[in-house]
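A short worksheet on the structure shown next.
Sequence lines set the chain letters: A, B, ... in the order given, protein chains first and strands last, and positions in each chain run from 1. What you see below is based on every heavy atom in this structure, not just the backbone, and it leaves out hydrogens, waters and symmetry mates.
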2 protein chains.
Amino acid sequence: MVEITMRTAAANDELTDTSLRKQVYDSLRAALTSGRFAPGQKLTFRFVAKALGVSLTPVREAVRRLVAEGAFEMQPNRSVRIPLMTKAKVLELRDIRVAVEGLAVGKAAEVATRAQIANLRRIAREIVAVRKRGDSVADREKISEFHFALYTISGQPTLLRVIEGLWLQTGPYMNLLFPDYIASAGGPARRLRIIQALQSRDAVAARREIENDVDGTLSYVAGLADEAGNIVPALPSAAGSRRSKGKASAALELRPKRLDLK
Amino acid sequence: MVEITMRTAAANDELTDTSLRKQVYDSLRAALTSGRFAPGQKLTFRFVAKALGVSLTPVREAVRRLVAEGAFEMQPNRSVRIPLMTKAKVLELRDIRVAVEGLAVGKAAEVATRAQIANLRRIAREIVAVRKRGDSVADREKISEFHFALYTISGQPTLLRVIEGLWLQTGPYMNLLFPDYIASAGGPARRLRIIQALQSRDAVAARREIENDVDGTLSYVAGLADEAGNIVPALPSAAGSRRSKGKASAALELRPKRLDLK
DNA sequence: TCGCCAAATTTGTGATCACAAAAATGCATT
DNA sequence: AATGCATTTTTGTGATCACAAATTTGGCGA
């Protein structure tokens, strides 16, 4: 059920990194943020290696990096799993993200250039266009693009990396926002207010907008928890986190390596 | 000049991780935070492997993790270096740390137990004792212990990991604070005020104290930058960041593997 | 004496192998 | 039919090897 495809390009690091390690990392990250992994699902090095057609070496380094970033979880024994999300964790992530993303937008409002603001406006328009089509995956990608374009304006690389790490942990659960929340919330209007605040160099207003955005979004997700505090995302195709018997399931879930690399 | 010793135990992760990878990671981290690496210094996998008496495999994974955490820097070509510190970077780290450590202490003040407060008081006393001896390394270790004991009280593991990542980047430059700053600042009094605020559940006051602490400390470090904005830490033994000629220097800097592992 | 280029060395990367611990399987006993 | 227990399989870990790119070295020529 899980299908991983190679990604050739990425954003943050050196664009000249063509190593297999980086490609595996990008592939896993893309699979993760697009919700192709089920929470609690076990992930073996050999599975990923076979799915992507590479040896264990680059897979190990890529997966270990994701573990260090909190995107994967290392069990006490020795296996990698997709972390489960709890209400407490969402609330913790909410508070951290409110703090750091508020900080970033405050800085951004002080230094934004006309071209950068125009770029934000373009992305905001694209979100509206994509939303009409009802494509939730493209929608989330565009929203992510808007946010990171905004945070990048701050010109603070370390801050940006912190934010990226936090997004990576919330990413797999953002599809919970569809179709209820995002479709109904005042997303487009809020983005326009943010852009307006940047234009008028109003750091306080810009910061308040983004804080409300993050707060509202993650508070909503936290509210989806069951009585035990667990949050289960609706998967595109419901690949249960519970393993079926034996190697049959593994063979079923393994896709014949569709990879763009080379 | 660089000497790396194996560490058997660590704090944050699973305490059951006895892998070589983890030991190498802890060793490098310890060497880094105690200022045993010169900024700009190049680090090769084989050097570390030889120094610690292990193969390349665990070294690669450990170093790559440090790179992901921002403790090391990957050059566009392909070599790992100790990052240089600039005024802009210190100020960026300052603002992030003020935000997240303020957040942590605010939470801590709301939930601190009597035993946890007593523990903080014990560490605060130990800092005073260590300071009398003038041991700057032990001093910094104790201060770190106090801060993380404080942040741990918040009970927010993700927040704690973010803070650890930020400390790892500022760590190598904290020895700049000696002997001028730390010895003169009102450190002990501030810690007592923080403890007092925790006791009276005054989150606002506790938060303000830690914000002032981080702000003051890193603003001081930022002030040490030269005209170009670079910050050069005074190394215990001034191993210049500039390499001397050829392999002679490498041979000189390589220490005959003092390691506790096995 | 100072560049400049080819040879030699260093170094990161990826694959493969060996091994031990963990997990899964299957069989026997009650 | 259920439950232990031994066997088999899976899986992470660390070492080693091969290779290409980058770096360094050394000598040649202006």
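Looking at heavy-atom distances under 4.0 Å, B/R60 makes contact with a base.
Rounded to whole angstrom, the span from the NZ atom of A/K50 across to the C1' atom of C/dA15 amounts to 15 Å. Atom pair A/F45:CZ and D/dT10:C1' shows a separation of 14 Å (rounding to whole Å applied). Note: CD (B/Q23) to P (D/dG14) measures 8 Å, nearest angstrom. As a whole-Å value, the separation of A/L43 CG from D/dT10 P is 17 Å. With rounding to whole Å, B/E61 atom CD is found 13 Å from C/dG14 atom P. Protein atom CD of A/Q75 is 13 Å distant from nucleotide atom C1' of C/dA22, rounded to whole Å.
In this structure, B/R21 contributes its side chain and B/A62 its backbone to no donor-acceptor pair below 3.5 Å. B/S79 places no side-chain N or O within 3.5 Å of a backbone atom of B/Q75 that could act as its donor or acceptor partner.
Checking D/dG12, C/dG12, D/dG14 against every side-chain atom of B/L20, the shortest atom distance belongs to D/dG14.
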Quick test: give all pairs of protein nitrogen or oxygen and nucleotides 18-23 of chain D nitrogen or oxygen below 3.5 Å, distance rounded to 0.1 Å.
residue: D/dA21; atom: N3; partner: B/R78; partner atom: NH2; Å: 2.4
residue: D/dT23; atom: OP1; partner: B/N77; partner atom: ND2; Å: 2.3

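Residues that satisfy the side chain to side chain donor-acceptor pair (under 3.5 Å) test with A/T158, not counting sequence neighbours, are absent from this structure. Applying the side chain to side chain donor-acceptor pair (under 3.5 Å) rule to A/K142 yields the partners A/E126, A/E145; only residues at least two apart in sequence or on another chain are considered.
Checking the phosphate oxygens (OP1, OP2) of C/dT13, a side-chain nitrogen or oxygen of B/R64 falls inside 4.0 Å. A/T57 has no side-chain polar atom (N or O) that falls below the 4.0 Å cut-off from OP1 or OP2 of C/dG14.
A salt bridge links B/E69 with B/R65: at least one charged nitrogen is closer than 4.0 Å to a carboxylate oxygen.
The residue from B/L168, B/L43, B/V80 that alone fulfils the side chain to side chain contact (heavy atoms under 4.5 Å, CB included) condition with B/L66 is B/L168.
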